[in-house]
Amino acid sequence: MICVNQYHTHFCSEVSESDIGNQVRVAGWVENIRDHGGIQFLDLRDHYGVVQVVVYNEAMLANVNRQCCITVEGTVILRSEDTINPKIATGTIEIKTNTLTVLGKAPSSLPFEIDNSTNTKEDVRLKYRFLDLRNPKVHKNIVLRSQVISFLRNKMSELGFLDIQTPILSASSPEGARDYLIPSRKHHGKFYALPQAPQIFKQLLMVSGFDRYFQVAPCFRDEDARADRSPGEFYQLDFEMAFATQEDVLTVAEEVISETFKRFSDKKVSNAPFPRIPYAEAMLYYGTDKPDLRNPLKIVDITEIFATTDFAPFKNKTIRAINVPDCASKPKSFFENMLKYATEELEMMGLGYIKVTEQMEFLGPINKFIPDNQRENLIEKAKLVPGCVLYFIADEPMVAAKLAGQIRSELGRRLNLIDNSEFKMCFVVDFPMFEIDEETGAYIFTHNPFSMPQGGLQALLEQEPAEILAYQYDIVCNGVELSSGAVRNHELSTMIKAFEIAGYTEDNLKESFSALYHAFQYGPPPHAGMAPGIDRMIMLLTEEESIREVIPFPMNSNAQDLLLGAPTEITEQQMREVHIKIR
RNA sequence: GGCCUAGUAGUUCAGUUGGUUAGAACGCCAGCCUGUCACGCUGGAGGUCGACGGUUCGAGCCCGUUCUAGGUCGCCA
């Protein structure tokens with residue numbers, strides 16, 4: 001693979017015992033210099049690896065600093081037994097330098113230690129990202145990213161999907177995130193927008209008769225960053241299938257996702273088929289729509305046990321409970337700390353619990369509020385066994401569900417119940433189509449106005465909107481939402497009705513989504529798709545906590561590119577051309 | 001926009017109750033060193049303690065304002 005030229009005959013990683021006695025040339029960056037007086041050792045690193053270079057003439061190192069770029073010509077020699085370095089792949093040999101040429105100088109003082117760059121303040125790293133990326137650990141993440149994307153592309157092609165590019169300069173969409181806008185020069189006062197996702201275009205491709213589409217799609221959203229959310233732009237494996245059901249999409253997704261995770265990780269990965277968990281069950285058992293299935297704890301609803309209670313915190317509340325096995329013997333501090341977490345972090349009024357003794361007696365202040373005629377029922381419902389602890393969470397229905405979910409996660413963390421050596425996947429399905437806006441009391445789309453309601457037009461006509469489910473699904477890995485997708489609503493009449501429920505007229509629809517509205521009059525096929533987030537996948541594979549660790553040139557959390565300085569000011573002339581004035 | 005945390009040497013950090021000349025490690029510079037691989041040894045340079053204002057005899061430390069960064073809530077159909 002190497003291109004033999006004046007710079008190198010071998011990559012640093014390639015020089016081996018089979019080259020002993022031969023003249024070789026290697027090129028790379030000086031990682032370290034150890035000067036012993038009369039003899040100097042250089043660690044020379046390129047993209048592929050590291051090799052030790054020996055210099056017997058100090059004058060050769062006149063302009064050589066760490067991280068400068070050099071090429072070295074020399075003889076490969078075997079290291080003596082006692083000087084072998086088992087820590088590096090080329091540790092049995094070294095290169096005795098004949099000539100050393102500096103190809104690119106570097107200053108003697110660097111902004112940070114390359115080896116340790118990941119511990120440096122992020123703004124400094126990002127300003128010198130080109131140096132940060134020389135850190136083997138950071139470098140490796142980008143290599144992995146490339147390999148994962150290449151694997152995904154091959155896999156999708158293998159499954160018959162066509163890689164089709166959709167426009168980057170596109171139109172602003174009325175729903176969803178804030179758009180990145182680009183002023184038009186030729187059309188005074190008008191703007192392009194960068195796509196938040198290729199949603200409309202991929203649906204149009206389905207109408208165009210392409211059966212299976214995919215794209216490693218850049219998506220742009222002008223929203224604030226999070227540790228796992230890049231500001232500005234991110235990549236999705238966007239795909240869509242014509243004449244497809246929800247199951248068809250899930251089958252493709254679980255094959256692609258499980259194979260990718262297996263290929264690029266040593267961890268145990270869920271085999272297909274992944275569990276399909278209805279949204280309502282996810283909220284009940286896990287208290288979240290992105291359950292971490294590595295956590296064995298499950299939430300149970302015991303509202304009926306306390307139906308007649310006078311205990312004020314439980315009265316007329318939804319009550320959820322979490323059975324924690326082998327927990328009764330935990331020290332007092334464990335329970336105190338959990339209470340502290342509940343009251344301080346979650347702002348709960350309290351966190352009741354009972355301990356179950358060997359004799360199946362209940363200990364704890366909540367005990368006296370459990371009606372005697374419900375004790376057997378509670379044991380059965382919550383599957384109580386000797387030595388377990390049952391935590392109680394009482395509140396309004398949705399609040400109780402979410403708090404129970406947070407308590408469940410925290411218990412999992414504190415009790416080390418999470419097996420970090422596996423990737424556990426699931427699909428969360430059957431999301432509700434509509435929800436009630438807390439401020440206005442009106443129905444709004446829960447997720448996506450393009451989803452097909454389960455039961456179609458008839459359901460929209462006959463059912464209570466809050467009861468209607470959508471063919472809408474998420475893929476979740478270890479509690480991280482990897483993507484969402486849906487069977488799309490391709491029937492204009494159904495779409496009109498759905499928009500009507502959400503308070504929009506047919507004219508609104510026609511105006512906001514004119515392309516779809518127009519195209520769907522010309523024989524749209526049923527279609528469905530999904531868009532797993534590629535950056536998130538790579539984060540999971542590399543176990544990085546920040547998405548910026550897996551993006552070559554990320555923006556900082558304030559949406560600035562510290563290398564190029566974006567966003568930058570532009571000239572008066574540029575502004576005039578696009579008819580923009582800054583106030 | 002709200003909240004939390006942080007900001008001290010090039011980097012990572014320590015800095016006691018407010019009290020002498022603000023320290024350490026790594027890096028850098030000079031010297032010594034022919035087998036190191038986190039080389040070693042000796043010496044040295046390097047600081048607007050984020051900024052501004054206040055309290056005080058005296059502020060890195062206390063108070064106020066502000067800026068920057070990271071996290072988080074809102075937001076992300």
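Below, read A as the first sequence line, B as the second, and so on, with proteins coming before strands; counting in each chain starts at 1.
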What's the [atom1]-[atom2] distance between [X] and [N], to the nearest Å?
| X | N | atom1 | atom2 | answer |
| --- | --- | --- | --- | --- |
| A/Lys96 | B/U36 | NZ | C1' | 17 Å |
| A/Ile88 | B/U36 | CD1 | P | 14 Å |
| A/Ile33 | B/A38 | CD1 | P | 16 Å |
| A/Phe41 | B/C33 | CZ | P | 15 Å |
| A/Asn556 | B/A69 | CG | P | 6 Å |
| A/Leu346 | B/U72 | CG | C1' | 14 Å |
| A/Arg79 | B/C37 | CZ | P | 11 Å |
| A/Arg229 | B/G70 | CZ | C1' | 15 Å |

Can you name the atoms? Protein N/O to nucleotides 42-48 of chain B N/O, anything below 3.5 Å, with the distance.
none

State plainly whether the residues [X] and [Y] are in salt-bridge range, i.e. N to O under 4.0 Å.
| X | Y | value |
| --- | --- | --- |
| A/Arg488 | A/Glu240 | yes |
| A/Arg125 | A/Glu549 | yes |
| A/Arg34 | A/Asp43 | yes |

Can you tell me if the side-chain N/O atoms of [X] get under 4.0 Å from OP1 or OP2 in [N]?
| X | N | answer |
| --- | --- | --- |
| A/Ser557 | B/G70 | yes |
| A/Arg226 | B/C73 | yes |
| A/Arg34 | B/U36 | no |
| A/Gln52 | B/G35 | no |

Sugar-phosphate, base or nothing in reach of [X], heavy atoms under 4.0 Å:
| X | answer |
| --- | --- |
| A/Glu58 | nothing |
| A/Ile84 | base |
| A/Asp222 | nothing |
| A/Arg125 | nothing |
| A/Arg66 | sugar-phosphate |
| A/Gln199 | base |
| A/Asn558 | sugar-phosphate |

Tell me which nucleotide, if any, is Watson-Crick or G-U wobble paired with [N] when both distances must be under 3.5 Å.
| N | value |
| --- | --- |
| B/C28 | B/G44 |
| B/C62 | B/G54 |
| B/U5 | B/A69 |

- Message: Please confirm whether the ring centroid of A/Phe450 lies under 6.0 Å from the ring centroid of A/Phe513.
- Response: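 Centroid distance A/Phe450-A/Phe513: below 6.0 Å, so yes.
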| message | Suppose we call two aromatic rings close when their centres sit under 6.0 Å apart. Are A/Phe239 and A/Phe214 close by that rule? | response |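 No.
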Please give the distance between the [atom1] atoms of [N] and [M] as a whole number of Å.
| N | M | atom1 | answer |
| --- | --- | --- | --- |
| B/U8 | B/C62 | P | 16 Å |
| B/G27 | B/U20 | P | 31 Å |
| B/G31 | B/A69 | C1' | 41 Å |
| B/U12 | B/G7 | C1' | 13 Å |
| B/C39 | B/C32 | C1' | 14 Å |
| B/A14 | B/A9 | P | 12 Å |
| B/C28 | B/G35 | C1' | 25 Å |
| B/A22 | B/U48 | P | 13 Å |

Sidechain-backbone polar pair: [X] side chain, [Y] backbone, donor-acceptor under 3.5 Å:
| X | Y | answer |
| --- | --- | --- |
| A/Thr97 | A/Thr99 | no |
| A/Arg66 | A/Ser108 | no |
| A/Arg129 | A/Val124 | no |
| A/Asn558 | A/Gln560 | no |
| A/Asp561 | A/Leu564 | yes |

message = Which nucleotide wins on minimum distance to the side chain of A/Ala227, given the candidates B/U34, B/A38, B/G71?
response =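 Taking heavy atoms from C-beta onward, the closest nucleotide is B/G71.
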Ignoring the backbone of A/Glu94, work out which of B/G35, B/A69, B/C37 is nearest its side chain.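 Side chain of A/Glu94 sits closest to B/G35.
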Member of A/Thr92, A/Ile84, A/Thr90 meeting the side-chain contact (heavy atoms from CB on, under 4.5 Å) criterion with A/Arg79
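So, applying the side-chain contact (heavy atoms from CB on, under 4.5 Å) to A/Arg79 and each of A/Thr92, A/Ile84, A/Thr90, only A/Ile84 qualifies.
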*Does B/U36 have A/His36 stacked on its base, where the ring centres are within less than 5.5 Å and the planes differ by under 30°?*
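Taking the rule of under 5.5 Å and under 30°, the ring of A/His36 does not stack on B/U36.
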Identify, between A/Phe513 and A/Leu562, the residue whose nearest nucleotide on RNA chain B lies closer to the 5' end.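 Whichever sits nearer the 5' end wins; that is A/Leu562.
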| request: Would you mind telling me which residue lines up with the more 5' stretch of RNA chain B, A/Val54 or A/Ser108, judged by nearest nucleotide? | output: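 Checking each residue's closest nucleotide, the 5'-ward one belongs to A/Ser108.
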Checking ring pair (Phe, Tyr, Trp, His ring centres under 6.0 Å) between A/Phe431 and each of A/Phe445, A/Tyr279, A/Tyr471, which is the one that passes?
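Only one of A/Phe445, A/Tyr279, A/Tyr471 forms a ring pair (Phe, Tyr, Trp, His ring centres under 6.0 Å) with A/Phe431, namely A/Tyr279.
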List the steps, then state whether ring-ring contact (aromatic ring centres under 6.0 Å, His included) holds for A/His36 with A/Phe41.
CA-CA 8 Å; A/His36 284 245; A/Phe41 302 99; 5.4 Å; yes
Per-nucleotide protein contact along nucleotides 4-14 of chain B, 5' to 3', at a 4.0 Å heavy-atom cut-off (B base, S sugar-phosphate only, - neither), is ------SSS--
